[in-house]
Amino acid sequence: MGGDVCGHTEGMADSPASLRVLVTGATGFVGQHLVPELVDAGHEVRAMTRHPDTYDGPGEAVHGDVFDPETLDKPLADVDVAYYFVHSLDAKDFERLDAEAATAFGEAAKRAGVSQIVYLGGLGADDQELSPHLRSRREVEGRLGAAGVPVTVLRAAIVVGHGGISWEITRQLVDKLPAMVAPRWVKTRTQPIALADVVRYLVGVAGNDDAIGRTFEIGGPDQIDYLEMLRVASTVIKGHAPPIVPVPILSPRLSSYWLSLVTDVDTMTARNLVDSMDTEVLVTDHSIHDVVPGDPMTYEEAVRRAITDRQASEA
């Protein structure tokens, strides 16, 4: 690390409650829940958005666009920790776009003397054949740190919370279908995690010397397949599980059309997500619990919280 980075790191260790923090994607699914928690923790937070004039959340709204490198220097100035929550799943060439954006952000963070970048990536073993979506997440990890800023990576599978794309697919399938003919990927195991636990981990690694430059796997206690996820969600929402019949002939392309027909997720995003659902993604390293202690919610608890939050938002 260079001199500026070392200086910031020492400051963070001495006074972790007074960090200068930038959150990209501050109006997105995770960002909008993280910003108030960081403010409550005593940090000075900048919420980066392309439209700061319409931002109504806590923290200081600042303009910035990771796809326009010239806009990044100002929001990153004097920042200790930068959170990176940007992806382009709805774009056909999302791998190129996300790689270029991550490179530009990492370089701008280095120029600004940022001490730590925190990135929420995707679970999946390095020796697995990853889908384009998961492969892109892994590439972004490297691109963010290529200029020399230490990156803390939290790798997660499905994040269960009101407004999240993966959770919304589950909820809408359960809401709209009395019975399902499901693709073969419903038998793939995964390890969902509650949004509240993701936010807790994200807050806990900020300025934490034990987290600097490390990669962690995060997940709830349940290792279950998508079929069981649908059944549990249906039992919570409707009081019973619907008949679900896996059909191996549904290709990824047909699966994405099926999801976009039944839910409000666009076809391109659905296809990119479906491509990842054939890959088993489970937590194998539990070291995050040594850095940020606490027991994560079960999948059923996470579902109940998501439903409660949705009802509150509609009240």
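Heavy atoms only: backbone and side chains are in, while hydrogens, waters and symmetry mates are out.
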_Could you report the tightest heavy-atom contact between Thr170 and Ala233, atom names first, then the distance?_
CG2-CB, 3.9 Å
*Any side-chain heavy atom of Ile117 within less than 4.5 Å of one from Tyr83?*
no
_Backbone N/O of Met229 and side chain of Tyr299: donor-acceptor pair under 3.5 Å_ = yes
*Take Ser18 and Glu44 through the side-chain hydrogen bond (donor to acceptor under 3.5 Å, both in side chains) test and state the conclusion after the steps.*
CA-CA 7 Å; Ser18 59; Glu44 180 184 326; over 6 Å; no
_Would you compute the distance between atom CD1 of Ile218 and atom CG of Leu123 and round it to the nearest 0.5 angstrom?_
7.5 Å
*asked:* When you compare the side chain of Pro150 with that of Ser115, does any pair of heavy atoms fall below 4.5 Å?
replied: no
*Of all heavy-atom pairs between His63 and Met48, which one has the smallest distance, and what is that distance?*
C-CG, 4.3 Å
*Quick one: list whatever passes ring-ring contact (aromatic ring centres under 6.0 Å, His included) with Tyr84, sequence neighbours left out.*
Phe105
_Considering all heavy atoms, the nearest Val114-Asp80 contact_ = CG1-O, 3.5 Å
*State, with a plain yes or no, whether a side-chain heavy atom of Val205 is found less than 4.5 Å away from one of Val292.*
yes
*Going from CG on Leu154 to CG on Leu120, what distance comes out if it is rounded to the nearest 0.5 angstrom?*
6.5 Å
*Mind listing the closest non-hydrogen atom pair of Val291 and Arg214 along with its distance?*
CG2-NH1, 3.9 Å
*Any idea which heavy atoms bring Glu107 and Ala147 closest together, and the distance?*
CA-CB, 3.9 Å
*asked:* Between Glu217 and Arg155, does any NZ, NE, NH1 or NH2 come within less than 4.0 Å of an OD or OE carboxylate oxygen?
replied: no
*Which distance, rounded to the nearest 0.5 Å, do you find between the CZ of Arg189 and the CG of Leu227?*
14.0 Å
*Mind checking whether Val81 and Thr152 have side chains closer than 4.5 Å, heavy atoms only?*
no
Side-chain donor-acceptor pairs of residues 305-315 under 3.5 Å, sequence neighbours excluded:
residue	atom	partner	partner atom	Å
Thr308	OG1	Arg304	O	2.9
Arg310	NH2	Glu314	OE2	3.3
Ser313	OG	His162	NE2	3.2
Ser313	OG	Arg310	O	2.7

*Are the side chains of Val45 and Val23 in touch, meaning some heavy atoms are under 4.5 Å apart?*
yes
_Set of salt bridge (charged side-chain N to carboxylate O under 4.0 Å, His left out) partners for Glu139, sequence neighbours left out_ = Arg143
*Out of Glu228, Glu280, Gln191, which one pairs with Gln223 under the side chain to side chain donor-acceptor pair (under 3.5 Å) rule?*
Gln191
*Quick check: does any side chain N or O of Asp222 sit under 3.5 Å from a backbone N or O of Ile224, one acting as donor and the other as acceptor?*
no
_Regarding Asp78 and Arg20, does a basic nitrogen lie under 4.0 Å from an acidic carboxylate oxygen?_
no
*Flag side-chain contact, heavy atom, 4.5 Å: Pro52 against Glu60*: no
*State, to 0.1 Å, how close Ala196 and Met297 come at their nearest heavy-atom pair, and which atoms those are.*
CB-CE, 3.9 Å
*With side chains defined as the heavy atoms from C-beta onward, is the minimum distance between Ile193 and Val160 less than 4.5 Å?*
no
